Chemist: 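Next up is a structure, given as structure tokens.
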Number of protein chains: 2
Amino acid sequence: MLTNSRLVHQFHDHDRCINAALASAYSLCAEKNARMTAIRESVLRLLWQSHQPLGAYQLQDQLSRLLNKPVAPATIYRAVDFLLGLGLIHRIASLNAFISCPFPNSEHSNLFMICTDCGSVAEVAHNTVNGLLQTICDKANFTLQSQSLELFGQCPQCSSDGEDSSHG
Amino acid sequence: MLTNSRLVHQFHDHDRCINAALASAYSLCAEKNARMTAIRESVLRLLWQSHQPLGAYQLQDQLSRLLNKPVAPATIYRAVDFLLGLGLIHRIASLNAFISCPFPNSEHSNLFMICTDCGSVAEVAHNTVNGLLQTICDKANFTLQSQSLELFGQCPQCSSDGEDSSHG
DNA sequence: ATATGATACGTTATAATATTACATTAATAA
DNA sequence: TTATTAATGTAATATTATAACGTATCATAT
């Protein structure tokens with residue numbers, strides 16, 4: 001199992017994450033002959049800087065502030081489509097929001113644990129889940145092509161915040 | 001495994017499905033002291049009559065035609081919220097649409113197989129999936145409360161439509 | 001270097017989805 | 001009945017997403 005749960009929920013050197021992610025994004029672009037423009041990089045950066053998913057209009061606000069000029073929705077959606085296409089970010093359908101992908105190079109499940117208290121989202125890559133879903137689809141003669149798996153509940157921190165503090 | 005895949009993808013006596021579903025909906029309401037009003041029943045009916053999920057504004061059109069008078073979005077969203085609350089329907093987040101639930105009484109996975117060709121959606125209830133996801137959440141100290149699992153691909157019919165017709 | 005074609009961006013308008021607020025009506029309970 | 005709660009009608013508006021079209025930038029072949 002591969003997850004960024006700890007990174008999301010615990011303190012760490014986040015600039016390093018971002019730089020590593022950007023480096024990896026640039027090499028992916030080189031590989032695929034895709035252009036990582038200034039706008040696209042900024043949007044990716046903004047998403048990496050937030051461990052919560054950001055909506056298109058939040059991104060619009062933030063990018064607009066960053067560039068000190070108005071930015072239109074289309075600009076955001078174009079950047080986001082580009083990043084989605086490369087697998088550098090994901091769309092969380094239930095939230096109408098986007099989040100950076102912690103392991104863009106790995107085959108993974110698009111499985112997200114979404115904290116309904118604090119809004120944090122961790123991604124989990126789990127081969128067994130993929131395998132099981134594939135088996136289910138095979139049995140049903142359904143040709144599986146992609147998936148969106150969203151789990152809602154409380155992240156470790158919010159779970160422990162609400163729990164009885166007496167330890168057995 | 002419990003699925004309505006065959007019902008969705010094959011011919012059957014659909015009126016019987018709908019009547020059974022409505023009966024079960026009414027008994028659920030009785031049990032929970034909830035009111036199944038005319039509007040709510042109509043919306044549930046409309047969703048049962050469609051094996052494709054319907055958006056709020058599609059429901060608005062259809063209900064408006066049915067009642068021969070204008071219906072506002074709020075009316076639809078209220079009915080839909082009520083039905084969601086009882087587990088009689090589901091929301092498919094990736095489609096911004098709603099679909100009737102084929103087995104409202106069972107513990108199940110909210111797992112959907114969505115055909116990107118014809119738009120049909122089948123629901124699958126699978127204990128192993130639930131168990132596995134629960135295990136994953138336990139390991140991550142994530143308190144799981146609900147989930148939305150959406151699989152995209154081709155349904156049996158659309159898969160076979162596209163396939164080489166020579167049989168070995 | 002520069003013409004060309006493809007890609008990305010700017011800009012405006014608008015479509016599609018969803019919610020809020022408040023008045024009115026209907027159902028239930030006292 | 002009257003009081004209370006629940007449901008609906010109605011209008012306005014918020015939020016999310018796309019379309020259309022012109023302009024600028026980049027890659028490359030000449």
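Remember, predicted model here, so these are calculated numbers, not experimental data.
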Chemist: Using OP1 and OP2 only, check whether a side-chain N or O of A/Asn96 sits under 4.0 Å from D/dA17.
Modeler: yes
Chemist: Identify the heavy atoms of B/Ala25 and B/Leu44 that sit nearest to each other, and give their distance.
Modeler: CB-CD2, 3.6 Å
Chemist: Strictly under 4.0 angstrom, non-hydrogen atoms only: write out the protein contact profile of nucleotides 24-30 of chain C, one letter per nucleotide from the 5' end, B, S or -.
Modeler: ---SS--
Chemist: Is there side-chain contact between A/Asn110 and A/Ser146, with heavy atoms separated by less than 4.5 Å?
Modeler: no
Chemist: For the backbone of B/Gly153 and the side chain of B/Thr116, can you confirm whether one donor and one acceptor N or O come within less than 3.5 Å of each other?
Modeler: yes
Chemist: To the nearest Å, give me how far apart OH (A/Tyr77) and P (C/dT14) are.
Modeler: 18 Å
Chemist: Whole-Å distance between C/dT12 P and A/Gln60 CD?
Modeler: 13 Å
Chemist: Who passes side chain to side chain donor-acceptor pair (under 3.5 Å) against B/Thr143, sequence neighbours left out?
Modeler: A/Ser159
Chemist: Which whole-number value in Å describes the distance from B/Glu41 CD to D/dA7 P?
Modeler: 16 Å
Chemist: So A/Leu149 and B/Leu151, do their side chains get closer than 4.5 Å, heavy atoms only?
Modeler: yes
Chemist: Measure the distance from CG on B/Leu84 to P on C/dT19 and round it to the nearest whole Å.
Modeler: 11 Å
Chemist: Would you say B/Phe98 and B/Leu22 are hydrophobically clustered, going by side-chain heavy atoms of ILVMFWY under 4.5 Å?
Modeler: yes
Chemist: Starting at atom CZ of A/Arg91, determine the distance to atom C1' of D/dT18, rounded to an integer number of angstrom.
Modeler: 13 Å
Chemist: How close or far is atom P of D/dT15 from atom CG of A/Leu54, stated in whole angstroms?
Modeler: 16 Å
Chemist: Parallel, tilted or perpendicular for B/Phe112 and B/His90, by the 30°/60° rule?
Modeler: perpendicular
Chemist: By nearest nucleotide on DNA chain D, pick out whichever of B/Ile39 and A/Arg78 is the more 5' one.
Modeler: B/Ile39
Chemist: Considering only D/dT10, D/dC21, C/dA18, which nucleotide approaches the side chain of B/Thr75 most closely?
Modeler: D/dT10
Chemist: Let me know the distance between CG of A/Leu95 and P of C/dT17, rounded to the nearest Å.
Modeler: 18 Å
Chemist: When you measure from every atom of DNA chain D, which of residues 66-74 of chain B have a heavy atom less than 4.0 Å away?
Modeler: B/Lys69, B/Ala72, B/Ala74
Chemist: Can you check whether A/Tyr57 stacks with the D/dT16 base, using ring centres under 5.5 Å and planes within 30°?
Modeler: yes
Chemist: Tell me, do A/Leu47 and A/Leu59 make a side-chain contact under 4.5 Å, heavy atoms counted?
Modeler: yes
Chemist: Apply side chain to side chain donor-acceptor pair (under 3.5 Å) to B/Asn130 and B/Gln147, showing your working.
Modeler: CA-CA 10 Å; B/Asn130 286 334; B/Gln147 60 201 37; 3.0 Å; yes
Chemist: Once you round it to whole Å, what is the distance between C1' of C/dC9 and CZ of A/Arg40?
Modeler: 9 Å
